2 protein chains.
Amino acid sequence: MKSTVSDHPAKPDLNSKEGDSRERLIASTRELLWSRGYIGTSPSAIQARSGVGQGSMYHHFKGKPELALAAIERNVEELMHVAESRFASQGTAIERISAYLHAPRDAMRGCQAGRLVQDPDVIASPELRKPLTDLFEFVRVQLAHILSTGIESGEFDQNLDPIATADMIASVIQGGYVLARVSRDTAPFNRAIAATIDMLKKRAELGQLQRTATF
Amino acid sequence: MKSTVSDHPAKPDLNSKEGDSRERLIASTRELLWSRGYIGTSPSAIQARSGVGQGSMYHHFKGKPELALAAIERNVEELMHVAESRFASQGTAIERISAYLHAPRDAMRGCQAGRLVQDPDVIASPELRKPLTDLFEFVRVQLAHILSTGIESGEFDQNLDPIATADMIASVIQGGYVLARVSRDTAPFNRAIAATIDMLKKRAELGQLQRTATF
DNA sequence: GTCTATATCGTGATAGAC
DNA sequence: GTCTATCACGATATAGAC
């Protein structure tokens, strides 16, 4: 199990600085990408924030695109993990979706992934775009799957379109960030989430009414 | 009515180039802000795209912030006008909201206003942010008002929260752009809109059921 | 691995001629 | 109003010493 490259150093050894600069660079790049986007994030700013020098940075990464890729992949990794664990909650379809919608989010700051989707350079690069596409695809597919389960189990009415509704839910989160930022207030974000859950609950009521009325 | 400054030259006179450069600068800035954001839009790029020279640009505008302000105000003016006319449609609350949701939009390109909300420099500047805040406020208030009308008229069930639902609807549009861009496909945007309208229709059905069942 | 020096280019603006 | 010249600075690296 001993490897020349240190992926996840099981026991941090004496030369514990190993990989430290690299991690600090990724962390700083993630912060800057989040707030300023790809275009607005300069190598010099990354160096300043991370405390890593010029030469050191270019030793670990070929340049800005490679650094950005590492940062984006880390973002997606974490966000996917959060989504996965929320979707894995016990309970009804509504409860599982509600668990995802109520994952802790910094509404005023926006989505670490969604932010980058606006960036033309990111979207134009297949490499940078792929992790983002994968993340959103994953979330939408999971949501659609949970909704389908809820339709089959009779939790929702039969006319609910799981794919379209999944797209709606994913959109509400991303759009909620926009409303929160522009109004400098997290309330619109929270209300949009609450209204979405309320819509699903009413679909459940409707399913209930339809079942008792028809059969 | 004769004025030394030409706001809206009623009859374009012989020196018809008057104000032409200014308009071309604004148009180019709008295009660039839309695709590349504030940080990514440089005066030199604006000059190149508009065909207006350096000196001319700085004659008409003090600098990049002033140009951006003019461009953003123009964006907001147009978007508000579209929203206003869509909301003014005849029909039920659902029909009026549907008219707004189905206004022509370039889903892959995103929202000219929402795009800028991501930009930290725009959000940090009260001047640049104000038109955007006003626009989103207007849309949300109008949506909430139409929803309230629908509740009063009995079109929707009594439990619908007009403000939260307005926030949800505005969020769906903004978030739909994100899904469309990241998947390079307008379908998620269109489905999110369709699902939203479907949700409102089901609320109307529920209102109907409640009225016939209770009274 | 990290540092400093150097290089090229773009950005954002000013000055002054025409 | 528009043009060209000029400028200080930052972005994005490369080179080579330590």
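Quantities reported herein were computed from a predicted structural model and do not represent experimental measurements.
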If I take atom [atom1] in residue [X] and atom [atom2] in nucleotide [N], what distance separates them, rounded to the nearest angstrom?
{"X": "Met57(A)", "N": "dT14(D)", "atom1": "CE", "atom2": "P", "answer": "10 Å"}
{"X": "Gln47(A)", "N": "dT12(D)", "atom1": "CD", "atom2": "P", "answer": "10 Å"}
{"X": "His60(B)", "N": "dA13(C)", "atom1": "NE2", "atom2": "P", "answer": "17 Å"}
{"X": "Leu25(A)", "N": "dT2(C)", "atom1": "CG", "atom2": "P", "answer": "9 Å"}
{"X": "Tyr58(A)", "N": "dA11(D)", "atom1": "OH", "atom2": "P", "answer": "11 Å"}
{"X": "His59(A)", "N": "dA15(D)", "atom1": "NE2", "atom2": "C1'", "answer": "16 Å"}
{"X": "Glu66(A)", "N": "dT12(D)", "atom1": "CD", "atom2": "P", "answer": "15 Å"}
{"X": "Arg22(A)", "N": "dT2(C)", "atom1": "CZ", "atom2": "P", "answer": "12 Å"}

Please write out each protein N/O paired with an N/O of nucleotides 8-11 of chain C under 3.5 Å, distance rounded to 0.1 Å.
| unit_1 | atom_1 | unit_2 | atom_2 | d |
| --- | --- | --- | --- | --- |
| dT11(C) | OP1 | Ser42(B) | OG | 3.3 |
| dT11(C) | OP2 | Ser44(B) | OG | 2.7 |

Would you say that [X] contacts [Y] through its side chain, given a criterion of any heavy-atom pair below 4.5 Å between the two side chains?
{"X": "Leu135(A)", "Y": "Asn75(A)", "answer": "no"}
{"X": "Phe138(A)", "Y": "Val76(A)", "answer": "no"}
{"X": "Arg115(B)", "Y": "Tyr177(B)", "answer": "no"}
{"X": "His60(B)", "Y": "Val52(B)", "answer": "no"}

Do the charged groups of Asp185(A) and Arg191(A) touch, with an N to O distance under 4.0 Å?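 So Asp185(A) does not pair with Arg191(A) through a salt bridge.
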Notebook entry, point to check: Going by an N to O cut-off under 4.0 Å, is there a salt bridge joining Lys130(A) and Glu73(A)?
Noted result: no
With sequence neighbours excluded, what pairs up with Glu137(B) under the salt bridge (charged side-chain N to carboxylate O under 4.0 Å, His left out) test?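 Only Arg140(B) meet the salt bridge (charged side-chain N to carboxylate O under 4.0 Å, His left out) criterion with Glu137(B).
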Rounded to the nearest 0.5 angstrom, the OG-CZ distance for Ser21(A) and Phe61(A) is 10.0 Å
### Query
Between Ile97(B), Ile146(B), Val82(B), which is the residue that forms a side chain to side chain contact (heavy atoms under 4.5 Å, CB included) with Phe87(B)?
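With Phe87(B) as partner, side chain to side chain contact (heavy atoms under 4.5 Å, CB included) holds for just one option, Ile146(B).
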Can you name the atoms? Protein N/O to nucleotides 3-5 of chain C N/O, anything below 3.5 Å, with the distance.
| unit_1 | atom_1 | unit_2 | atom_2 | d |
| --- | --- | --- | --- | --- |
| dC3(C) | OP2 | Gly53(A) | N | 3.4 |

